[in-house]
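Beneath this line is the structure, given in structure tokens, with notes to follow.
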Amino acid sequence: MNELNNKEESKERESLNFIEQIIEEDIRNGKHSGRVHTRFPPEPNGYLHIGHAKAICINFQLASKYGGLTNLRFDDTNPTTEETEYVENIKRDIRWLGFDWDDREYYASDYFPELYEFAIKLIRKGLAYVDDSSAEEIAEMKGTPTEPGRESPFRSRSIEENLDLFQRMRAGEFPDGAKVLRARIDMAADNMHLRDPIMYRIKRDHHHRTGDEWCIYPMYDFAHGQSDSIEEITHSLCSLEFIHHRPLYDWFIEKLEIFPSRQIEFARMNVSYMITSKRRLLKLVREGRVSGWDDPRMPTLSGMRRRGFPPGALRTFCDKAGTAKRENLIEISLLEFCVRDELNRTAARVMAVLNPLKVVITNYPEGKVEDMEVENNPEDESMGNRTMPFSRELYIERDDFMEDPPRKYFRMGPGRDVRLKGAYILHCEGFEKDPATGEITEVRCTYYPESKSGADTSGIKAKGTLHWVSAAHAKEAEVRLYDRLFTDPQPDSHEDKDYLDFFNPDSLQVIEKAYIEPSLASAQPGGCFQFLRLGYFAVDPDSTDKKLVFNRTVTLKDTWAKMQNK
RNA sequence: AGACCUAUGGUGUAAUUGGUAACACAGCAGAUUUUGGUUCUGUCGUUCUAGGUUCGAGUCCUAGUAGGUCUACCA
């Protein structure tokens, strides 16, 4: 009964971010009858990345929280860079992240006829004019932040002439770039975006949806807000860099007398050791530094999916990162925490040896095989048990043996006892070494027959527990170990250095021949496992029937490694 | 230089709107553990500066400082 009180209390105390505060105030004031409708407006000219994930989460979750809806709208007003292929990938990525837009899939290009009429309306009101100036001239007359711009000589054309010219632009009578339609606002405005911004340009490019139907295309500022308005979006959330566009956004809505969507800007999420610049990401792909847009090291949603990051962890991450208006750099350790936290609860435990060292149990009968029962997830009993074959010759991790270990080393060394997870306690009798290289080639042990896991009557306490596989039964697999792509938390923030200077040459390490326990043979691409004591690993789509390929999603926390680094 | 935005522990975000600065991650120390995982406990450390209003300021006012953004026929 106290629980209920606590719940209510915590709900009362729930803190709101600044957007939620705005929305709740709007609801209190009965604005739009309390309706909340958002949109996610990607341009189909690239792949979605971690920054988009934040925007997607904000838009979908905020609307959902207040009983509203979210539209997916492709902002496809520039035919030169946009392609259908991107549309499909973007849709797949959003679905994967866990969001659904039902049938509300819209395209700014669907509104071209309406937008054209809007333009006519502004011309009729004397608020837009056709300018014959070149791009260079327009830029030159724009002024600078400290000096006002100059008015174009074409600014005072008559409404009739503008109407005629604009219609002929649309009809294809002028070559590309010959004319533009501009809003007539204020060439002396402090806000550069108000200095007669361009609304339409002539551009004969094949559009991925409208084909060659149009040779004039609206600019972002004359498409985005109007699209919001057409869809009756109540809260149009975007990143900070659009803050200077807001007066223009509001100006068009006011002059057009259309639905008053409201633009709200928030700071985009930056994550340490990651970059999100399309151009820079593309360069990584083009130069072959990564295998593609879905390389597991990429900050793209497709890359992170392949890496094995669960979508739920990404959502939690975006949520924990918070929403505000100041520049931020979220530590990647928070992302890793969210990934581990979810995978700890959901991933089945298995054993794999990445860097094998042979162990021979001298008092274990040759040819004997025991099926050892091992739990699949200590965090979740319902995931049950599996069996692992145990035999005289095993592989353990090379790091788990030291010829002359220090006190605090809890693993195997001459004369020491150590537990094999789910099996027996071993006593190390000795080892063999290649005299030429000094490499340990084999460890010789005896086992305590009465120390069997779950039925241990030996009374022996082993400090360490190791993972292992039976040499004769293990399967081979390829394992790809990933590390951060860059060696600097903000590789693109240095004025004197290129971000590629910080490319981490060790960001991928391939282990061609690792040994995995036989139960893994049936693993399917997308499957995610905890390799005991090593980390979380996802089955890569490169896997074949003959050979599984695993991607290391993230390591386990490793306090031993931390101690060693000190 | 002009306009706009922002300023709270190492990082990020809160603070019931003027009333004891908190939560998470990271760090450190310890307990538990058949994963040096998980879990648990403890600990470190915060309101940009200077004035002002007020019984009382992270919150309001003024000035400064610092960082960011803006001058594409991109979005």
Side-chain angles (χ1 to χ4, degrees), chain A residues 12-17 21 41-43 45-46 75-78 80-82 108 131 133-135 138-139 142-149 176-182 189-193 195 198-203 216-217 219-221 223-224 238 240-247 265 267 269 272 278 320-338 340-341 344-345 349 351 374-375 378-379 408-411 419-423 425 451 453-454 456 461-467 489 530-535 555-563:
Chain A
E12 255 175 55
R13 279 184 195 163
E14 179 201 22
S15 61
L16 304 175
N17 67 46
Q21 288 176 19
E43 184 189 9
N45 73 342
D75 227 335
D76 55 351
T77 55
N78 184 0
T80 314
T81 56
E82 296 155 3
D131 195 334
S133 309
S134 68
I138 289 178
K142 192 125 199 174
T144 70
T146 46
E147 311 162 74
D176 286 12
K179 290 178 166 42
V180 291
L181 183 70
R182 300 177 73 178
D190 285 322
N191 184 335
M192 302 289 288
H193 295 279
R195 321 245 264 224
I198 294 170
M199 294 162 58
Y200 269 93
R201 75 278 212 189
I202 304 172
K203 200 171 204 181
I216 56 171
Y217 291 95
M219 300 289 290
Y220 166 86
D221 285 309
H224 195 96
C238 63
L240 243 34
E241 69 244 49
F242 290 100
I243 199 160
H244 303 290
H245 294 248
R246 185 168 12 111
E265 311 85 12
M269 181 180 72
S272 64
K278 257 175 213 169
K320 283 184 183 291
T323 305
K325 294 185 77 165
R326 60 181 131 156
E327 293 294 320
N328 59 74
L329 184 65
I330 315 293
E331 289 178 349
I332 200 165
S333 58
L334 180 62
L335 210 205
E336 292 171 345
F337 166 81
C338 294
R340 289 192 187 105
D341 190 49
N344 175 51
R345 285 180 275 114
R349 272 60 170 172
M351 294 195 220
V374 194
E375 64 197 352
E379 304 298 313
K408 291 228 176 171
Y409 188 79
F410 300 154
R411 309 175 186 184
R419 157 78 64 187
L420 293 185
K421 174 76 181 178
I425 296 176
S451 69
S453 185
D456 186 350
K461 277 191 289 176
K463 257 195 188 148
T465 302
L466 308 186
H467 60 277
Q530 183 191 113
F531 287 3
L532 218 66
R533 303 208 304 135
L534 296 175
T555 60
L556 254 28
K557 268 173 70 178
D558 191 345
T559 51
W560 169 243
K562 205 178 277 174
M563 283 167 68

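Convention: sequence-line order gives letters A, B, ...; per-chain numbering from 1.
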Between [atom2] of [N] and [atom1] of [X], the distance in whole Å:
{"X": "D190(A)", "N": "G2(B)", "atom1": "CG", "atom2": "P", "value": "11 Å"}
{"X": "D76(A)", "N": "C74(B)", "atom1": "CG", "atom2": "P", "value": "15 Å"}
{"X": "Y220(A)", "N": "C70(B)", "atom1": "OH", "atom2": "P", "value": "14 Å"}
{"X": "K142(A)", "N": "U71(B)", "atom1": "NZ", "atom2": "P", "value": "8 Å"}
{"X": "E241(A)", "N": "A72(B)", "atom1": "CD", "atom2": "C1'", "value": "14 Å"}
{"X": "L335(A)", "N": "A26(B)", "atom1": "CG", "atom2": "P", "value": "12 Å"}
{"X": "L16(A)", "N": "A14(B)", "atom1": "CG", "atom2": "C1'", "value": "10 Å"}
{"X": "L240(A)", "N": "G67(B)", "atom1": "CG", "atom2": "C1'", "value": "12 Å"}

Under a 3.5 Å distance rule, please check whether Q21(A) uses its side chain to pair with a backbone N or O of L16(A) as donor and acceptor.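 Checked: pair present.
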
With sequence neighbours left out, what residues match [X] under side-chain contact (heavy atoms from CB on, under 4.5 Å)?
{"X": "P378(A)", "answer": "R349(A), E375(A)"}
{"X": "H244(A)", "answer": "N191(A), H193(A)"}
{"X": "D558(A)", "answer": "W560(A), A561(A)"}
{"X": "K320(A)", "answer": "T316(A), L334(A), F337(A), C338(A)"}

Looking for any heavy atom pair under 4.0 Å, which part of the strands does [X] touch: base, sugar-phosphate only, or nothing?
{"X": "Q21(A)", "value": "base"}
{"X": "S134(A)", "value": "base"}
{"X": "T77(A)", "value": "sugar-phosphate"}
{"X": "S133(A)", "value": "base"}
{"X": "Y200(A)", "value": "nothing"}
{"X": "H193(A)", "value": "sugar-phosphate"}

Which residues pass the ring-ring contact (aromatic ring centres under 6.0 Å, His included) test with F242(A), sequence neighbours left out?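 F242(A) satisfies ring-ring contact (aromatic ring centres under 6.0 Å, His included) with Y220(A), H245(A) once adjacent residues are dropped.
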
For nucleotides 10-12 of chain B, tabulate all protein N/O to nucleotide N/O atom pairs closer than 3.5 Å, reporting atom names and distance.
from	atom 1	to	atom 2	distance (Å)
G10(B)	N2	E331(A)	OE1	3.0
U11(B)	O4'	E331(A)	OE2	3.0
U11(B)	O3'	L329(A)	O	3.4
U11(B)	O2'	L329(A)	O	2.9
G12(B)	OP1	L329(A)	N	3.2
G12(B)	O2'	A321(A)	O	2.5

Residues L181(A), I216(A); criterion side chain to side chain contact (heavy atoms under 4.5 Å, CB included); working and verdict: CA-CA 10 Å; L181(A) 183 70; I216(A) 56 171; over 6 Å; no

Name the stems that RNA chain B belongs to, where each is three or more consecutive Watson-Crick or G-U pairs with both distances under 3.5 Å?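 The stems are B:2-7 with B:65-70, B:10-13 with B:22-25, B:27-31 with B:39-43, B:48-52 with B:60-64.
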
[X]: which residues meet the salt bridge (charged side-chain N to carboxylate O under 4.0 Å, His left out) condition with it, sequence neighbours left out?
{"X": "D131(A)", "value": "R182(A)"}
{"X": "D176(A)", "value": "R204(A)"}
{"X": "R201(A)", "value": "none"}

Can you work out whether D176(A) or I243(A) has the more 5'-proximal nearest nucleotide on RNA chain B?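 The answer here is I243(A).
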
Among A14(B), G27(B), C73(B), find the nucleotide with the atom closest to the side chain of K562(A).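 Of the options given, the side chain of K562(A) lies nearest G27(B).
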
State which of A24(B), U71(B), A14(B) makes the closest approach to the side chain of T144(A).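 So the side chain of T144(A) is nearest to U71(B).
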
Distance-minimising heavy-atom pair for T465(A) and L420(A):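 Scanning both residues completely, I find the closest heavy atoms to be CG2-C, 4.4 Å.
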
With sugar-phosphate taken as primed atoms, P, OP1 and OP2 and all else as base, the protein-contact string of nucleotides 32-48 of chain B at under 4.0 Å (heavy atoms; B, S, -) is --BBBBS----------

Using distance only, find each side-chain donor-acceptor pair of residues 321-328 of chain A under 3.5 Å and give its atom names and separation, not counting sequence neighbours.
from	atom 1	to	atom 2	distance (Å)
T323(A)	OG1	K54(A)	NZ	3.4
N328(A)	OD1	N270(A)	N	3.2
N328(A)	ND2	R268(A)	O	3.3
N328(A)	ND2	R326(A)	O	3.4

What's the gap between U41(B) and U46(B) when it is taken at their P atoms, as a whole Å value?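 Going atom to atom, P in each nucleotide, I get 24 Å.
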
What interatomic distance, in whole Å, is found between P of G9(B) and the corresponding atom of C4(B)?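 The answer is 26 Å between these two P atoms.
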
Has K463(A) got more than 12 heavy atoms of other residues, nucleotides or ligands less than 6.0 Å from its NZ?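 It does not: K463(A) NZ has 12 such atoms or fewer within range.
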
Chi class for U65(B): syn within 90° of 0, otherwise anti: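 Here U65(B) takes the anti form, which means its glycosidic angle is more than 90° from 0.
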
Does a side-chain N or O from K278(A) land closer than 4.0 Å to OP1 or OP2 of C74(B), or not?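 Negative; the distance criterion is not met.
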
